[in-house]
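First the proteins, then the strands, lettered A, B, ... as listed; each starts at 1.
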Amino acid sequence: MRRFTVFHLSLQRWLGIVVKEFIQLKRDRLTFGMIIGIPIIQLLLFGFAINSDPKHLPTAVVMAEASPFARAYLAAMRNSDYFDLVGSVESEAEAARLLDRGDVQFVVTFPPGFQRALVRGEQPSLLVEADATDPVAAGSAISVLNHLGNEVFTPDLPGFHPQGKQLIELRLHKRYNPEGITAYNIVPGLMGVILTMTMVLMTGLAMTRERERGTFENLLATPATPLEVMTGKIVPYILIGLIQVSLVLLAARWVFDVPMLGSLVLLYAVVLLFICANLTLGITFSSIARNQLQAMQMTFFFFLPSILLSGFMFPFRGMPEWAQVIGNCLPLTHFLVLVRGILLKGNDVSLLWPQVWPILAFMAVVLGVGLKTFRRTLD
Amino acid sequence: MELAIDVSGLNKHFGDKHVVRDLSLQVREGEIYGFLGPNGSGKTTSIRMLCGLLTPDSGSGRCLGYDVLTQSAEIKRQVGYMTQKFSLWDDLTIAENLDFVARMFGMRGRREAVDRALDDLGLAGRRHQLAGTLSGGWKQRLALAACLLHQPRLLLLDEPTAGVDPKARRDFWEEIHRLSASGITILVSTHYMDEAERCHRLAYLSYGNLLAAGTASEVIAAQQLATWELSGPDVTGLGEALRQLPGVEQVASFGARLHVSGSDAALLQPALERFCRERGLRLAQVDSTLEDVFIQLMRHRPDPFEAAS
């Protein structure tokens with residue numbers, strides 16, 4: 001009788017292959033760690049950190065009069081949990097600066113004579129300016145504000161308002177992105193995400209490739225110093241990064257009609273800084289990783305929190321404190337604020353420093369680790 | 001005579017493995033020095049320590065007059081190191097590889113040097129060919145040209161002829177001798193006995209220990225190994241029986257001949273004579289070869305990792 005050997009399955013052979021695969025998996029510690037680590041990290045991030053209904057948004061107040069009614073309104077805002085009053089400022093100009101810097105999400109302005117107008121039933125106006133660069137982040141807080149007026153003042157002013165009439169007029173200014181177009185927020189953000197992905201990965205592979213092919217030994221046998229090798233390998237990728245950014249910017253301008261209020265030179269300067277930070281990380285990964293697979297895994301391990309905790313996909317202020325601390329360590333978080341600030345708010349150089357120094361600090365730390373692990377000698 | 005390499009007491013550990021143990025080596029300027037030993041015996045590690053790629057854990061010494069512990073940058077500039085595995089860039093052309101190496105050494109007159117190297121190699125016509133597409137022999141020649149580019153005073157060659165055909169191997173050794181004649185010192189590690197015999201002097205390294213050093217005949221003489229050749233119609237199956245005889249330490253087959261060696265000639269000779277008389281074999285004393293001597297050295301120093309397992 002003829003056997004159909006194609007379909008014949010030897011249990012012993014098959015088990016042999018399964019066992020070998022498990023043994024190899026066990027030996028590759030990093031892969032093993034990723035298998036365990038990735039689900040845990042994703043669970044923690046998705047489960048606890050991500051919240052698309054952000055509360056406790058920082059809010060500044062401009063008080064032209066400190067009347068009991070104004071205070072009552074502020075107290076109600078605080079009690080709604082959506083607003084954290086971070087302080088009152090003297091002038092509109094100062095408030096605008098806070099918004100530009102991204103220090104506050106809302107500015108509430110009580111006009112002079114607010115209480116008198118309210119008591120007389122004259123429907124005083126309350127000016128609320130919102131930073132709407134990310135439409136999602138401000139959305140639910142704004143809808144809460146809409147009801148707040150009547151809820152606060154009706155018990156104190158019974159009979160003053162006919163059914164359906166608003167006691168105060170809420171004048172809402174959605175700054176920077178009045179129509180709430182998500183592309184305005186997403187497209188500049190994508191620039192950062194694309195750069196993070198490609199820059200870290202490509203440089204990560206560049207060095208481990210040398211090690212895997214054995215050409216690294218040749219490089220080490222020459223008088224080349226670690227600094228020369230590291231920086232020399234970085235430069236081509238800086239150019240690639242700049243090309244990527246230009247492509248995204250062209251698309252943003254001509255396809256998505258994203259406004260570009262700030263200086264392009266400034267934008268490219270910021271991009272350059274961000275590219276360097278990512279390349280430094282890539283080079284450091286590659287001096288730690290033993291092969292290209294490990295370098296890719298490390299990149300992925302960094303990319304995941306970068307996307308989820310930077311404020312790219314989910315509102316940064318919606319995250320709990322600990323997640324914000326992690327997010328603040330990532331260069332992407334600061335880059336997003338910088339790019340949105342320059343493109344959508346037209347920020348100038350004077351407003352950038354609070355986001356620039358964390359990126360510089362990140363770079364310094366990573367470069368330090370990289371130079372330390374870079375094996376000048378093979379041991 | 002000046003010493004190009006003069007080190008003593010070099011030690012290197014990787015984790016808890018003691019890879020090189022108290023290595024002392026004196027190589028004279030302009031000589032070809034052979035470096036022998038079984039796989040994993042620390043040859044590559046020793047070479048890497050000499051050219052500044054690895055820092056010794058302890059020991060001291062000078063290479064080309066520079067301190068091996070503190071002046072690795074100066075050493076690298078004057079040493080050409082050819083790695084065991086082809087380690088130039090497969091995805092660069094022949095000319096691009098040479099040009100890159102020349103830049104790494106900060107050479108003046110780079111273009112001329114590269115052109116000259118290509119002409120010497122006979123590769124000028126194929127300068128735009130990718131290095132990865134070269135055959136084993138050509139890769140080896142290119143690697144040698146690359147490490148000669150900056151005109152080093154010392155060449156360290158780590159098993160340069162592994163996987164290369166006999167013709168290319170012979171050409172390679174002719175080149176080595178030419179270089180030696182022009183005053184370059186050459187340290188070469190190898191497994192091939194014919195190559196070992198082409199060296200001016202030899203060292204035998206076994207699992208971190210330097211067991212023998214000197215010219216080929218000095219190394220052979222020092223072991224005091226006696227060897228006999230047995231020949232006859234049917235010697236092939238006799239190995240096992242011979243190993244049982246008193247004084248027999250090695251039996252090696254060479255087609256229709258057997259070589260039997262032992263360090264106690266007085267014990268071995270009568271036993272062999274009787275053995276051959278009984279079976280009608282011819283017996284003749286021959287000179288011990290380098291190979292016999294090295295096998296003997298390996299027998300006395302078993303692989304520590306094998307022994308442990």
If I take atom [atom1] from residue [X] and atom [atom2] from residue [Y], how far apart are they, to the nearest 0.5 angstrom?
X: E228(A); Y: M104(B); atom1: CD; atom2: CE; answer: 7.0 Å
X: L219(A); Y: W89(B); atom1: CG; atom2: CH2; answer: 5.0 Å
X: T215(A); Y: K85(B); atom1: OG1; atom2: NZ; answer: 8.0 Å

So, for [X] and [Y], which heavy atoms are closest and what is the spacing to 0.1 Å?
X: A221(A); Y: F105(B); answer: O-CZ, 4.2 Å
X: S87(B); Y: G214(A); answer: CB-O, 3.1 Å
X: T222(A); Y: K76(B); answer: O-CD, 3.5 Å

Which pairs of donor and acceptor atoms, one on a side chain in residues 233-247 of chain A, lie under 3.5 Å apart (sequence neighbours left out)?
{"from": "K233(A)", "atom 1": "NZ", "to": "E210(A)", "atom 2": "OE2", "distance (Å)": "2.8"}
{"from": "Q244(A)", "atom 1": "OE1", "to": "T198(A)", "atom 2": "OG1", "distance (Å)": "2.9"}
{"from": "Q244(A)", "atom 1": "NE2", "to": "T198(A)", "atom 2": "OG1", "distance (Å)": "3.2"}
{"from": "S246(A)", "atom 1": "OG", "to": "L242(A)", "atom 2": "O", "distance (Å)": "2.8"}
{"from": "S246(A)", "atom 1": "OG", "to": "Y268(A)", "atom 2": "OH", "distance (Å)": "2.6"}

Note: R213(A)-D91(B) ion pair, threshold 4.0 Å (strictly below): yes
Residues, nucleotides or ligands: over 12 heavy atoms within 6.0 Å of W357(A) CH2: no
Enclosure of M296(A) CE (heavy-atom neighbours >12, cutoff 6.0 Å): no
Without placing hydrogens or testing angles, list every side-chain donor-acceptor pair under 3.5 Å for residues 128-138 of chain B, not counting sequence neighbours.
{"from": "Q129(B)", "atom 1": "OE1", "to": "R126(B)", "atom 2": "NE", "distance (Å)": "2.9"}
{"from": "Q129(B)", "atom 1": "NE2", "to": "T133(B)", "atom 2": "OG1", "distance (Å)": "3.0"}
{"from": "T133(B)", "atom 1": "OG1", "to": "L130(B)", "atom 2": "O", "distance (Å)": "2.7"}

Between L156(B), T83(B), V101(B), the one whose heavy-atom pairs under 4.5 Å with chain A are most numerous: T83(B)
